[in-house]
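Remember, it's 1-based here, ligands and their atoms both numbered in the order they're listed. Position 1 is the first residue of the sequence, and the numbers go up from there. If you're wondering where the values come from, they're calculated on a predicted model, not measured in any experiment.
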Amino acid sequence: MTDSIRFLMCSPDHYDVDYVINPWMEGNIHKSSRDRSVEQWQKLYHTLKDHAIVELVKPQKGWPDMVFTANAGLVLDKTVVLSRFFHKERQGEEPHFKEWFESQGFTVHELPKDLPFEGAGDALFDREGRYLWAGYGFRSELDSHPLLAEWLNIEVLSLRLMDERFYHLDTCFCPLSGGYLLYYPPAFDSYSNHLIEMRVPPEKRIAIEEPDAVNFACNAVNINETVVMNKVSDNLKARLSEAGFNVIETPLSEFLKAGGAAKCLTLRVTEPIIPDRHATVQIESRTVRMEGHLLDAGLINQALDLIVEGGGSFKVQQFNLGEQRQSTSSALIKITAPSHQVMEDIISQLIDIGAVSLEEDLRDAKLEPVNQAGVSPDDFYVTTIYPTEIRVNGEWIRVQNQRMDGAIAVTETSEGIVAKCKLLRDLEVGEKVVVDVVGIRTIRKTESREQRNAPQEFGFMSAGVSSERRVELIVEQVAWELRQIRDRGGKVVVTAGPVVIHTGGAEHLSRLIREGYVQALLGGNAIAVHDIEQAMMGTSLGVDMKQGTAVKGGHRHHLKVINAIRRCGSIANAVEKGLFNSGVMYECVKNHVPFSLAGSIRDDGPLPDTQMDLIKAQQHYTELLQGAEMILMLSTMLHSIGVGNMTAAGVKMVCVDINPAVVTKLSDRGSVESVGVVTDVGLFLSLLVKQLDKLTSRYHLEV
Ligand code: ARG
C-alpha cells in the first residue's frame, strides 16, 4: 500500500438517478438498484483501499450525485479549486464539499458564481505533473481555465469535448503513470486531438475504441501500475498490460446509469507539486462589440454559435436591447479561445458579420511584405464581399475592389496609403498584405425590420430560397427592378448556362437583350454553341426545339455549328455574314452587348470567342461586372458562383435554378440583396418577359 496516495469517496446512501443532466441518465430515473449500487461501491472502495488511503465525506440527503466526488473540486497539494456546478441539480453539493476541504486544511479557491467548472471531472494532471489537461464544452467553461492556471500555478492545456456522452473530461481521457495516456480521440475536436498528439508521443498514446469507451474504460483510477475500471475488452487489457499496467475490473453498472464509473466516484486528494512547473496558459481573450438588429436578424445567435462551434467560449458582458422597432441593439461579447490560432479563426468570422473590436483593443492592422510574386505571407486575412476597412497609422481606410477570397494588399502612393482586395496570384513584391485579424472591420448595412419581414413589398427581401408560390412574386420584383435600371441607364449582367436554351428560354432572353435590359452576358462555350445551334438548325444538342424530340444524327449538330463559326473567325463575323439571325448571341452582337465566354475542360471546339485562358476569362468577367447593379444568374452553378465571388455586397443578385442546392449556395451570401428562385429557368424567363410587357405597355384610352 502506498501511504502517500489518498482518495476521497462518498458512500452511496442517498444515491439514485433522480433527474437527467447527461445522456446516460435518460430513461434511467429510479432504475438503479439500491442494493447493487451499495455492493458495487463497496467493492470499489475495498479495491482502492488495498492500494491507497480512502477518506470519506458525509453523504447528504437530496444530493444523489454527491457519490461522484471527482466533481468536488480540483486539488493540487494543499490548494483546491472548488467546483461550480453547471446544473442546479448539483449546486447544493458545493457547500458540503467546501466544508470537507476546509476541515482538512485545504486552501479553497472559489470561482465566480457564473463560471462553471466541475473539478477533477474536467481537469486531469498529466501524471508526470508537467501540466493540467482541462476540458470544456459541456460542464466547464473555458474562462475558468486561466484561473486554474493562476491559482494552481501550472500550465493548462484546454481540450474541447464534442460528444455529449463524454461530457466530462474524465469520461474519455485518463493520463496514466509513466507518461501514458488512455483516451478516446473521437470525443475531442480536431484541434484538441492535435494538441494531445503534440504533447504525448505516439508510443504513449493508448487510443481506445467506442465499445470500451462506452463501458467507461477511460474513467479509470490509476495508482502507479494499477488501473481500476468498470470493464475492459481483452484487446485493451492486453495493450495495457503490455505497457506495464495491471487492470482490475470492478463492475459499476449501477453508476453508469448516472453517467459515472470508477474515476468519477473518487477524488485524488494527494497531488504533489512538482517543482519546475509554473503557470502558463495559452488561452486568449478579446472583447468585441456588435450593433444592429441583433435579435431580429438572428445576428447575436449567429455570433455566439460561431464562437462555440469555432472552439471558443463567450460571455455576453452587456446587451442593450433596442427600445423601439427601428432602433438597433448593441452587445459586448467577451470571447475566450484556447489558442491564438483558434481566436483568429473566430474573430475573422465575427468580423465578417460586422463585429468590431473595442476601442481599448484597437490596434493597427498587421502588415507583412510580399516576398514572392503571387504568394502571400501566411496567415493573411481572407476577404469577404462586405465593405471592409483596415486601420493603418491609427486611421481607418476603406479597402478598394472588394471581393471574396482575396487578400488585402497595402501600398503607399503619393496620395497616401491605398488598400485593395487582390487575388493571391496578383500580389506583387513590394506590396504589404494584412495578416492576422487585428485592425480590420467590415461594415454591414443594418437592414430595416420592414426589409426583413415584409416579403410582399418591392425591394429585395430576406435572402432565401423561394417556394414555387413565390416565383411569380419574385418575377414581379425583378421585372420592376429591370425596368427601373434600364430607364435610368443602369447596368444588369446576366450569367447564363445552356439550360436556358434547352428549356426554351432563348427567345425570352433574346428579347431582354434586344429591349435593352441586359448590359453584359457571361457564360461558357456551351450556351453560345447551343444557342447558335438552335438559331441555325432549330435543335439544341440535337433535340428539335419545337417538337421536343431527338433529330436523327442531331447529336452532331453542335459540332457542325462550331465548325461553321470557326470558319468565320468569330460569332460577330458569323452574324455579319448572315449565318444566323436570331438567338441570344445574335442579339448580343446586334445590340452591342458585350459578352464573355469562359472555357472549361469539357468544351467542344471551342468557339473562337471562348477564352480558354481562365485567368484572362476571370479578368474579363471582372471588367464586365464593373458597375453592375443587378446580376441575373440563370441556371449555371459554375459561372454564377464564380461571379458571386467577384462581386462585392450591395449588388442585387437573382439566382434561378431548378436545383435548390445551387440557389442556396448563392443566397448564403447572407445579404438582403440576393434572392433565390427554385424553378425552371425557361418558365421564369417567359414569366419575366410577360411581366415586363405589362409594365411597359401603354394604356389605350377609349374616347
Ligand atoms: N450524474 C453525474 C453528473 O451528470 C455524474 C457525474 C460523473 N462524474 C464524473 N466525474 N464524470 O454530473
Side-chain angles (χ1 to χ4, degrees), residues 7-12 14-32 37 40-41 44 48 57 59-60 62-75 80-94 96-97 116-125 132-141 144 148 159 161-175 182-184 187-188 213-222 228-231 252-269 271:
F7 287 93
L8 175 68
M9 290 181 70
C10 174
S11 88
H14 305 293
Y15 170 69
D16 195 2
V17 181
D18 267 356
Y19 43 75
V20 177
I21 55 171
N22 69 50
W24 304 89
M25 299 173 103
E26 251 159 50
N28 276 327
I29 291 199
H30 306 315
K31 292 263 172 65
S32 66
S37 49
Q40 292 182 345
W41 185 89
L44 174 68
L48 295 183
V57 53
Q60 300 289 332
W63 303 108
D65 273 338
M66 212 178 143
V67 277
F68 299 112
T69 49
N71 301 119
L74 175 67
V75 175
V80 61
V81 180
L82 197 68
S83 283
R84 278 274 180 226
F85 285 94
F86 182 80
H87 292 289
K88 64 174 179 343
E89 284 84 348
R90 295 197 64 183
Q91 286 164 359
E93 299 171 34
E94 291 168 16
H96 302 295
F97 285 129
F117 166 66
E118 298 203 347
D122 261 337
L124 300 160
F125 293 101
L132 178 72
W133 296 103
Y136 70 102
F138 294 108
R139 298 295 186 84
S140 298
E141 192 62 54
S144 64
L148 304 180
L159 299 175
L161 298 166
M162 299 296 286
D163 182 333
E164 252 198 314
R165 297 172 300 170
F166 305 104
Y167 58 96
H168 274 143
L169 184 64
D170 68 0
T171 60
C172 50
F173 190 91
C174 183
L182 181 67
Y183 77 124
Y184 179 54
F188 300 92
V214 295
N215 278 327
F216 270 49
C218 289
N219 200 251
V221 183
N222 172 220
V228 184
M229 62 174 76
N230 168 54
K231 217 173 154 166
L252 292 162
S253 55
E254 294 316 302
F255 298 97
L256 249 71
K257 293 174 183 166
K263 161 70 173 58
C264 302
L265 291 164
T266 63
L267 175 70
R268 190 164 171 146
V269 286
E271 294 281 9

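- Between Phe188 and Tyr183, the ring planes are tilted. Angles from 30° to 60° get that label.
- The environment of NZ in Lys231 is sparse: at most 12 heavy-atom neighbours from other residues, nucleotides or ligands sit within 6.0 Å.
- Ion pair Asp170/Lys263 flagged as a salt bridge, since at least one NZ, NE, NH1 or NH2 atom sits closer than 4.0 Å to an Asp/Glu carboxylate oxygen.
- The ligand atoms of ligand 1 that sit less than 4.0 angstrom from a heavy atom of Arg139 are 3 (C), 4 (O), 12 (O).
- Closest to atom 12 (O) of ligand 1 among all protein heavy atoms lies Arg90 NH1, 2.7 Å.
- Of all the heavy atoms of Lys263, none lies under 4.0 Å from any atom of ligand 1, so neither backbone nor side chain is involved.
- In this pair, Tyr15 and Phe255 present their aromatic rings tilted. The plane angle is within the 30 to 60° band.
- Counting the atoms of ligand 1 from 1 in the order shown, those under 4.0 Å from a heavy atom of Ala258 are 1 (N), 2 (C), 5 (C).
- Centroid-to-centroid, the aromatic rings of Trp24 and Phe216 come within less than 6.0 Å.
- Where the criterion is an N or O separation shorter than 3.5 Å, residue side chain and backbone included, Asp170 meets it with respect to ligand 1.
- Of all atoms in ligand 1, listed by their number and element, those nearer than 4.0 Å to a heavy atom of Ile21 are 3 (C), 4 (O), 12 (O).
- Some N or O of Asn71 is nearer than 3.5 Å to an N or O of ligand 1, by distance alone.
- Between Leu8 and Val57, the shortest heavy-atom distance links the atoms CD1-N, 3.7 Å.
- Of the candidates Phe166, Phe216, Tyr15, Tyr167, Tyr167 brings a heavy atom nearest to atom 7 (C) of ligand 1.
- For ligand 1, the atoms sitting less than 4.0 Å from at least one non-hydrogen atom of Met25 are 1 (N), numbered in the order shown with element in parentheses.
- Within the 4.0 Å heavy-atom shell around ligand 1 one does not find His87.
- Among all protein heavy atoms, the one lying closest to atom 2 (C) of ligand 1 is Asp65 OD2, 3.3 Å.
- Under a 4.0 Å criterion applied to the non-hydrogen atoms of Ala70, ligand 1 contributes the atoms 10 (N).
- Tyr136 is not listed as a side-chain neighbour of Leu161, based on a closest heavy-atom distance of 4.5 Å or more.
- Both the backbone and the side chain of Cys264 come within 4.0 Å of ligand 1, judged by heavy-atom distances.
- In terms of polar-atom proximity, Gly121 is not counted as a contact of ligand 1, lacking any N or O under 3.5 Å from an N or O of the ligand.
- The heavy atom nearest to atom 4 (O) of ligand 1, out of those in Asn22, Thr266, Leu267, is found in Asn22.
- Residue Thr171 has no N or O atom closer than 3.5 Å to an N or O atom of ligand 1.
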